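Worksheet: the structure to be examined is printed underneath.
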Amino acid sequence: MPALVWMGVFLFLPLLLVLVISFAARGTYGGVEWTFSLANYLNMADPLYLRIYARSLALAAATTVVCLLLGFPLAYYIARAPARWQAVWLMLIIIPFWTNFLVRTYAWMFILRSEGLFHTVLSSVGLVTSPIEILYSDTAVLIGLVYGYLPFMVLPLYAAIERLDRSVVEAAWDLYASGWSVFWRVVLPLTKPGVIAGCLLVFIPSVGAFITPDLLGGARSMMVGNLIQHEYLVVRDWPFGSAISFALMALVLVGIAVYFKVETKVAV
Amino acid sequence: MALTLRQITTSSNRTWIAALLCAAILACQPTPEDGPKNGPQAATTTLHYFTWSDYVGPELLAEFEQQAGVKVVVDTFSSNEELLAKLQGGASGYDVAVPSDFMVSIMAREGLLAELDLSQIPNARYLSEGLQRLPFDPEHRYSIPYLWGTVGIGYDSAIISTPPDSWSVLWDAKYKGKISMLNDQREVFGAALRSMGQSMNTRDPAVIEGAKAKLIRQKPLVKTYTSDHYDQLLASGDVVLAHGWGGPVARAMAERPSIRYVVPKEGATIWSDCLVVLKTSQKRELAMRFVNFLLDRDIAARTTNRLLFASSNREAKALVDPKARENPAVYPPDTAFDRLEWMVDVGEAIRLYDRAWTEVKLR
């Protein structure tokens, strides 16, 4: 029962408020006018905004894929290390979180700027001669997002791989499976829950990211998180901002529900 | 998903993982700024000051605390819209805030401001001529200008040898990738509109469209849209032209002496951040005493020396460091005044700007 109250007060009530506001209208000076209209949702289908959603989904998908490609070998290595080392590696993954995300994003700006650390290192070994322009581009945003969310991929993957029964893998080798088959037909299916949990934990926050595109992308282009922030804080159109937030949330929930449905069907 | 989570949580390391994930998720959130607490008052009275970040020296606050025998708690916001959104969102308990000109009129209309009693703010007498009885609050019923300045162009004179005098320099392809613009819809449109000889407060859709086309043309030249670190970009040489407020440009000059500032000939924004007392304040007398303190000649001069924004107190100017006093980025030259324009709320036309800005951002 206390859990129910907690959920009600801290989850459903705020969400309900967002939902209700999303049907209202913006007052002339930015307040909320309590009329009922679907205008905010219709407005959202504007091709202009659709392009922002598409961009955000694409960037979030790219972030997820890169995190998975980097995170899987890393998680595998950690899970297979001696127990004492596992704790050390996991600790190292968590330590960056002790510093505020904003500060770490600023650090990346220093690394990526045209004559920053990255450039200095590459030019000292003679790999580049002219300044490299990575900062303030989509590449920089991708680097920032991957950096920020990689631990969310590694931790669930680690949990899944750590539980993986080694004897099953050994059996596959004994049956002359190639390295690729062992991975594709034994390791991956058995760690799939971890892969999916990791992908969701990376994908969902990346779609709504707004600090990274602002700082590393130089605010040259918007992601849906920036659009929501812009509607709330600059245009002061809370109803429209609420509608976008709600639609985004619905999209993610539908995605998860569809996945869950497919999963249970397969399981049966 | 449920399956996944259950599997994870039955892992031998479940407590460890759960704790790590929680820590990670919590740490990933931007730190929220705490509003004033509404809890029981401590023995000493507390004054809540809601202001821009790094806008008041802690030593000045300590002085006021000692003088008045109170405690001052500072909370910060990073844009006028954020200030309004927080107050409209129900944040109460603040006593003094510092909205800019156009926001004073919006806040007054929204009934968020308390009327000032000028007899309690004697330092308001020293208000500079140019800042008296401004259209957004002609009788100073709600606000007293505090710090003010212009929006212009900071540039590196070592690279740009002929001093620019027009906004059009921001469209010069020679400086591709070396230009920063404010990340501020109204100001960026202001620069484009003025370069076209228009007012930054236009509500004419065709004119706004024209400015949008101009900004889309400019975008390939722009390295970044930023409102808060163009001073560092100028100082490090990452950009050689920065659209921005005078104060940060003046701060960049300290690090790179070849930086200069110009108020373009087509005109520019003049702004003033104003001290106001909020309607919800329970300590209006103390709040007004604090306002008076900040407007004091010596305190104001020290504030200007530190922030490199001009003080509204005309007597303070004489006490400011000569270097800052003669810096056009801090005190705009007298000749610039007739081409300065205040930004006003454009009402529903904000929708047009908003859409146009989003389109610029999508290119």
Side-chain angles (χ1 to χ4, degrees), chain A residues 28-31 48-49 51-52 55 86-87 90 93-94 96-102 109 113-115 133 135-136 148-149 151-152 155-156 158-160 162-163 193-194 196-197 200-201 205 211 214-215 218-222 226-227 230-238 256 259-260 263 267, chain B residues 1-14 16-17 20-21 23-31 78-79 81-82 84-85 88-89 106 109-110 177 180 183-186 219 222-227 229 233 236-238 345 347-348 350-351 353-355 357-359 361-363:
Chain A
T28 313
Y29 303 117
L48 178 65
Y49 299 125
R51 279 171 55 196
I52 296 187
R55 255 186 62 87
Q86 289 190 14
L90 287 177
I93 286 186
I94 290 306
F97 285 110
W98 296 352
T99 310
N100 185 292
F101 186 61
L102 202 58
M109 293 175 68
R113 65 203 286 172
S114 40
E115 294 186 10
E133 301 294 338
L135 190 57
Y136 308 129
Y149 296 120
F152 293 103
L155 295 176
Y158 161 78
E162 197 252 352
R163 263 185 312 99
I196 286 160
L200 287 175
L201 283 175
I211 290 177
D214 247 14
L215 293 180
R220 291 170 51 87
S221 49
M222 276 189 182
N226 304 103
L227 182 63
H230 182 76
E231 290 302 325
Y232 268 94
L233 291 181
V234 179
V235 190
R236 302 195 305 277
D237 190 341
W238 287 30
I256 294 173
Y259 156 74
F260 196 50
E263 238 346 58
Chain B
M1 185 64 185
L3 184 73
T4 312
L5 288 178
R6 184 153 11 110
Q7 284 179 346
I8 290 175
T9 49
T10 49
S11 140
S12 56
N13 277 336
R14 67 177 178 193
W16 182 216
I17 295 289
L20 288 183
L21 268 180
I25 288 166
L26 284 176
C28 231
Q29 308 305 316
T31 329
S78 60
S79 72
E81 287 77 10
E82 186 185 333
L84 180 68
Q88 279 178 337
I106 294 177
R109 261 189 318 239
E110 296 280 298
S180 79
N183 191 19
D184 183 308
Q185 164 175 309
R186 292 291 309 280
K219 194 172 172 192
V222 176
K223 189 181 188 90
T224 175
Y225 296 88
T226 174
S227 301
H229 57 274
L233 294 174
S236 67
D238 277 304
D345 188 56
E348 282 302 303
I350 188 75
R351 278 262 145 251
Y353 282 99
D354 173 41
R355 223 195 123 78
W357 176 241
T358 311
E359 281 183 52
K361 285 294 187 86
L362 264 178
R363 293 308 161 113

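The structure presented is a predicted model; accordingly, all values stated were derived computationally and were not measured. All chains are named by letter (A, B, ...) in the order of the sequence lines, taking the proteins before the strands, and each is independently numbered beginning at 1.
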Ranked by heavy-atom pairs below 4.5 Å to chain A, first place among Asn183(B), Asp184(B), Asp238(B), Leu233(B) goes to Asp238(B)
Between the NZ atom in Lys361(B) and the NE2 atom in His230(A), the distance rounded to the nearest 0.5 Å is 8.0 Å
side-chain hydrogen bond (donor to acceptor under 3.5 Å, both in side chains) filter on Tyr353(B), not counting sequence neighbours, yields none
Note: Tyr225(B) and Ala219(A) closest approach over all heavy atoms is O-CB, 3.4 Å
Original post:
Are any of the side-chain heavy atoms of Tyr49(A) and Thr358(B) separated by less than 4.5 Å?
Top reply: yes
Cut-off 4.5 Å, heavy atoms of chain B, and the answer for Leu215(A) is side chain
One should read off an interatomic distance between Tyr232(A) OH and Glu82(B) CD, to the nearest 0.5 angstrom, of 14.5 Å
Residues at least two apart in sequence or cross-chain that pass salt bridge (charged side-chain N to carboxylate O under 4.0 Å, His left out) with Lys223(B), listed by chain then number, are Glu133(A)
Under 4.5 Å to a heavy atom of chain B? For Arg220(A) that would be both
Bottom line for Leu362(B): the part with an atom under 4.5 Å from chain A's heavy atoms is both
- Query: Within a strict 4.5 Å, meaning less than it, do heavy atoms of the Glu81(B) and Val235(A) side chains meet?
  - Reply: no
One should read off an interatomic distance between Ile350(B) CD1 and Asp237(A) CG, to the nearest 0.5 angstrom, of 10.5 Å
Honestly, the part of Gln185(B) sitting under 4.5 Å from a heavy atom of chain A is side chain
Going by heavy atoms in the side chains, are Arg236(A) and Ile106(B) under 4.5 Å from each other? yes
inquiry  = Between Arg186(B) and Val234(A), is the side-chain contact (heavy atoms from CB on, under 4.5 Å) condition met? List the steps.
reply    = CA-CA 10 Å; Arg186(B) 292 291 309 280; Val234(A) 179; over 6 Å; no
d(Leu233(A) CG, Leu84(B) CG) to nearest 0.5 Å is 10.0 Å
